[in-house]
Visitor: 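Encoded as structure tokens, here's the structure I'll be asking about.
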Amino acid sequence: MKEWEQELYLAVEAIKSRLEILRDGGIHYIVKNNAHHNNTVHVIPEREERLNKLRQEKIGECQRCSLCSQRTNLVFGAGSSSASILFVGEAPGSEEDLQGQPFVGKSGKLLTKMIEAMGFKRESVYICNVVKCRPPKNRDPLPEEIAACEPFLKEQISIIQPKIIVGLGRYACQTLLRSEVSIAKLRGIWHEYNGIRFMPTFHPAYLLRNPNAKKEVWDDLKAVMLEIEAKQS
Ligand code: URA
């Protein structure tokens with residue numbers, strides 16, 4: 001097979017498997033030219049402006065907790081202000097701290113693959129963390145660091161108004177759901193965060209260490225895809 005034939009074949013196979021997932025979930029119609037098409041990035045100037053204002057004026061050169069003293073860059077978040085799905089991780093790691101962008105290291109590459117497998121482009125969803133600055137040696141964020149940072153996440157959510165939030169890993173899920181239940185028990189079940197459907201799943205870093213858990217994560221992401229399709233049709 002020539003290279004272009006192989007690419008075409010893979011693209012058709014990917015579409016086929018996505019349609020099969022939707023069909024098995026009871027979705028038989030896809031609305032054409034839907035304004036919320038997975039990969040259409042709509043720029044909503046008012047939301048962009050509010051996000052910029054939040055970043056520049058409210059957060060600014062934040063010194064609300066001790067993480068500020070060791071950071072290279074504050075990692076605000078990235079993606080579309082009209083995203084229907086918001087992915088929330090724990091806190092930036094070393095690569096994210098260097099680049100000022102969320103999920104750009106090894107686990108970020110896996111997250112990007114997961115997003116693409118769902119039929120979305122990374123730029124069409126929104127990605128951020130509970131805590132915006134890197135904890136030293138990637139330790140868990142402390143309660144006072146979360147308390148200082150969570151209002152900014154809440155404001156990001158109220159500006160973007162996602163239809164669904166996907167919580168990545170124990171920390172993001174337990175923090176946002178105010179729960180002490182293990183991620184193994186939380187995942188795969190719909191919860192709510194400030195009135196928004198919230199799906200907890202394993203963190204991509206956990207998947208890198210435990211590839212067998214990919215099946216469970218894919219199940220959780222399929223539930224998210226079905227919910228998004230149902231909301232659009
Ligand atoms: N892990 C996270 O939780 N967030 C990032 O941005 C990167 C790694």
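Both ligands and their constituent atoms are indexed starting at 1 by order of listing. Note that the structure is a prediction, hence the values are computed from the model and not measured.
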Visitor: Using only atom types and a distance under 3.5 Å, with no angle test, would you say the side chain of Arg197 pairs donor to acceptor with the backbone of His191?
Guide: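 Checked: no pair found.
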Visitor: Should we say atom NZ of Lys113 is surrounded by more than 12 heavy atoms from elsewhere, each under 6.0 Å from it?
Guide: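 Counting neighbours around NZ of Lys113, 12 or fewer heavy atoms of other residues, nucleotides or ligands fall under 6.0 Å, so no.
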Visitor: Pro92 to ligand 1: N or O pair under 3.5 Å?
Guide: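 For ligand 1, there is no N or O atom that lies under 3.5 Å from one belonging to Pro92.
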Visitor: With the threshold set at under 4.0 angstrom, would you say Gly105 reaches ligand 1 through any of its heavy atoms?
Guide: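 Checking ligand 1 against Gly105, which is what was asked, there is no heavy-atom contact under 4.0 Å.
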Visitor: I need the nearest protein heavy-atom contact for atom 2 (C) of ligand 1: residue, atom name and distance, please.
Guide: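 Result for atom 2 (C) of ligand 1: Ala91 O, 3.1 Å.
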Visitor: Is it true that Arg71 and Glu61 have a side-chain N and a carboxylate O under 4.0 angstrom from each other?
Guide: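 Yes, charged N to carboxylate O under 4.0 Å.
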Visitor: In terms of residue, atom name and distance, what is the protein heavy atom nearest to atom 4 (N) of ligand 1?
Guide: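 Heavy-atom neighbour on the protein nearest atom 4 (N) of ligand 1: Asn129 OD1, 2.7 Å.
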Visitor: State if His203 counts as touching ligand 1 under the rule of any non-hydrogen atom under 4.0 Å.
Guide: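 Checking ligand 1 against His203, which is what was asked, there is a heavy-atom contact under 4.0 Å.
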Visitor: Closest heavy-atom contact between Leu51 and Ser81?
Guide: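 Where Leu51 meets Ser81 most closely, the heavy atoms are CD1-CB, 3.8 Å.
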Visitor: Any atoms of ligand 1 less than 4.0 Å from a non-hydrogen atom of Pro102? List them with their elements.
Guide: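 Answer for ligand 1: 6 (O).
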Visitor: Would Ser107 count as a contact of ligand 1 if the rule is a heavy atom under 4.0 Å away?
Guide: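 The answer is yes, since Ser107 has a heavy atom less than 4.0 Å from ligand 1.
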Visitor: How close do Ser94 and Asn138 get, heavy atom to heavy atom, and via which atoms?
Guide: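 Looking at all heavy atoms of both residues, the closest pair is N-OD1, 4.2 Å.
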Visitor: When you check the gap from the basic side-chain N to the acidic O, do Glu49 and Lys53 get nearer than 4.0 Å?
Guide: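 Answer for the salt bridge query: no.
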Visitor: Is it true that Glu145 and Arg139 make a salt bridge, defined as a side-chain N closer than 4.0 Å to a carboxylate O?
Guide: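 Yes, this pair counts.
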Visitor: Going by distance only, is there an N or O of Glu90 that falls short of 3.5 Å from an N or O of ligand 1?
Guide: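 Yes; at least one N/O pair falls below 3.5 Å.
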Visitor: Near Gly89, which atoms of ligand 1 are under 4.0 Å from a heavy atom of that residue?
Guide: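 What qualifies from ligand 1 is 3 (O).
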